[in-house]
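These notes concern the structure reproduced below.
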Amino acid sequence: MASIPSTQSNDPSTGNNVLEEIQIILDYVYNKGIKIPETISQQSIINDSQNMNNLVSDYNALVVAILPSTPESIKFVGREFVGEIEIIKAWKIPVVKK
């Protein structure tokens with residue numbers, strides 16, 4: 001009988017990746033003036049990766065708050081247009097969905 005793989009990861013880098021994306025989203029939310037969901041725990045705000053369940057819950061709440069943006073699109077735009085966003089008028093770039 002085959003065993004079902006666990007969906008939980010004990011790898012500490014997983015928590016760090018989630019925490020990194022939460023920080024990217026929080027920076028975006030602060031800069032855009034988007035209201036932070038009231039369910040966000042203090043753990044995410046102070047950059048602590050102790051409780052993975054809280055991190056995942058916070059991540060999901062923040063992703064909903066920034067829709068239709070995604071953490072990946074925020075990272076892409078930030079990386080591509082660092083310091084030049086005023087010059088190239090990035091708001092004219094068409095958005096394409098998968």
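The residues of the chain are indexed from 1 along the displayed sequence. Hydrogens, waters and symmetry mates play no part in the numbers below; they use all other heavy atoms, side chains included.
- Under the 4.5 Å side-chain criterion, counting only non-hydrogen atoms from C-beta, L62 is not in contact with I66.
- The structure places OG of S69 at 5.5 Å from CD1 of I74, a figure rounded to the nearest 0.5 Å.
- Residue A61 comes nearest to P37 through the heavy atom pair O-CG, 3.7 Å, listed as atom of the first residue, atom of the second, then distance.
- Between atom CD1 of residue I25 and atom CD1 of residue I36 there is a gap of 11.5 Å, rounded to the nearest 0.5 Å.
- Two residues are said to be in side-chain contact when any heavy atoms from C-beta on lie closer than 4.5 Å; L19 and Y59 fail this criterion.
- With rounding to the nearest 0.5 Å, the separation of CD in E21 from CD in E72 is 5.5 Å.
- Note that the CG atom of L55 and the CG atom of N17 stand 11.0 Å from one another [nearest 0.5 Å].
- Pairing each heavy atom of I24 with each of P71, the nearest pair is CG2-O, 4.5 Å.
- For the pair Q23 and I45, the tightest heavy-atom approach, listed with the atom from each and the gap, is NE2-O, 4.4 Å.
- Within the 4.5 Å cutoff, side-chain heavy atoms of V18 are placed close to those of M52.
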What verdict does the side-chain contact (heavy atoms from CB on, under 4.5 Å) test give for N54 and S44, after you've listed the backbone C-alpha separation in whole Å, the side-chain angles of each residue and the deciding distance to 0.1 Å? CA-CA 8 Å; N54 285 349; S44 294; over 6 Å; no
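- Looking at T70 and V63, their side chains never come closer than 4.5 Å, going by heavy atoms from C-beta outward.
- Following chains of ILVMFWY side-chain contacts shorter than 4.5 Å, one can reach I22 starting from Y30, so the two form part of one hydrophobic cluster.
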